[in-house]
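Worksheet: one structure, shown below.
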Amino acid sequence: MNAKAKRQSEEEQRKQEKTKERRASELMKEAENRIADVLTKMKPSVLLTLRGVNTDSGSTCREASFEGISQFQVNNSLLHPVIVECRLLKTDMELEVLRYTNRISSEAHKEVMKRVKPGLKEYEMER
């Protein structure tokens, strides 16, 4: 592939990615606009939102928010300790999945390291 064709291909890939990102953003906005309507129909007594400090990173997770949330009773303290506790315990199946994904990820990184060269772009390594 000559340099001009390569640049055109890269530009086309960037355009496709931007189009995907725009569409994903539009879909998210549509979904956000429907959340309050759906929840109103469900009539929940309380919405549990996740808010607390991640014990690994020290970062505070961003609590869920959407237009219309103020019309619901919200509890942002109940869920976090339960989720933290769940993260500590793993079933045999979860451990097996973690080992598998780590093995696959490690092999993929090794392959990328074999092929990477100065000047290559990240997306070029995805092929």
(Q) Salt bridge or not between R14 and E11? Use side-chain N to carboxylate O under 4.0 Å. (A) yes
Q. Should the pair E107-K110 be classified as a salt bridge under the 4.0 Å nitrogen-to-oxygen rule?
A. yes
Q: Could you go through the side-chain contact (heavy atoms from CB on, under 4.5 Å) check for D56 and R87 one step at a time?
A: CA-CA 11 Å; D56 293 331; R87 289 182 64 221; 2.5 Å; yes
Measuring from atom [atom1] of [X] to atom [atom2] of [Y], what distance do you get when rounded to the nearest 0.5 angstrom?
X    : Y    : atom1 : atom2 : value
L98  : S105 : CG    : OG    : 12.0 Å
T55  : L88  : OG1   : CG    : 7.0 Å
C61  : I83  : SG    : CD1   : 9.5 Å
L95  : M93  : CG    : CE    : 11.0 Å
F66  : N33  : CZ    : CG    : 11.5 Å
I104 : R99  : CD1   : CZ    : 15.0 Å

Within the structure provided, determine whether [X] and [Y] are in side-chain contact (heavy-atom separation under 4.5 Å).
X   : Y   : answer
L39 : L47 : yes
S25 : K29 : yes
L89 : E85 : yes

Do side-chain atoms of [X] reach the backbone of [Y] as a donor and acceptor pair under 3.5 angstrom?
X    : Y    : answer
E111 : A108 : no
S106 : N102 : no
E124 : K121 : yes
T101 : V97  : yes

Q.
My understanding is that only residues two or more places apart in sequence, or in another chain, count here; which of them pass side chain to side chain contact (heavy atoms under 4.5 Å, CB included) with S77?
A. N75
Q: List for me each residue that meets side chain to side chain contact (heavy atoms under 4.5 Å, CB included) alongside E30, sequence neighbours excluded, and say none if there are none.
A: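 Side chain to side chain contact (heavy atoms under 4.5 Å, CB included) check on E30 returns R23, L27.
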Q | Criterion side chain to side chain contact (heavy atoms under 4.5 Å, CB included) against Q8, the qualifying member of K4, E10, E12 | A |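 Of the listed residues K4, E10, E12, the side chain to side chain contact (heavy atoms under 4.5 Å, CB included) partner of Q8 is K4.
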Q: Flag yes if more than 12 heavy atoms outside E94 fall under 6.0 Å of its CD atom; otherwise flag no.
A: yes
Q) Above 12 or not: heavy atoms from other molecules or residues under 6.0 Å from CD of E122? A)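 For E122, atom CD is not crowded (no more than 12 foreign heavy atoms under 6.0 Å).
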Check [X] against [Y] and note the closest heavy-atom contact, atom names and distance.
X    : Y    : result
G68  : A36  : CA-CB, 4.3 Å
P44  : F72  : CG-CD2, 4.3 Å
V82  : L78  : CG2-O, 3.7 Å
M125 : V112 : CE-O, 3.8 Å

Q: Would you list the pairs meeting side-chain hydrogen bond (donor to acceptor under 3.5 Å, both in side chains) in which at least one residue belongs to residues 41-53, sequence neighbours left out?
A: T49-E63
Q.
Same cluster or not: L48 versus I69, using hydrophobic residues (I, L, V, M, F, W, Y) connected whenever any side-chain heavy atoms lie under 4.5 Å apart?
A. no
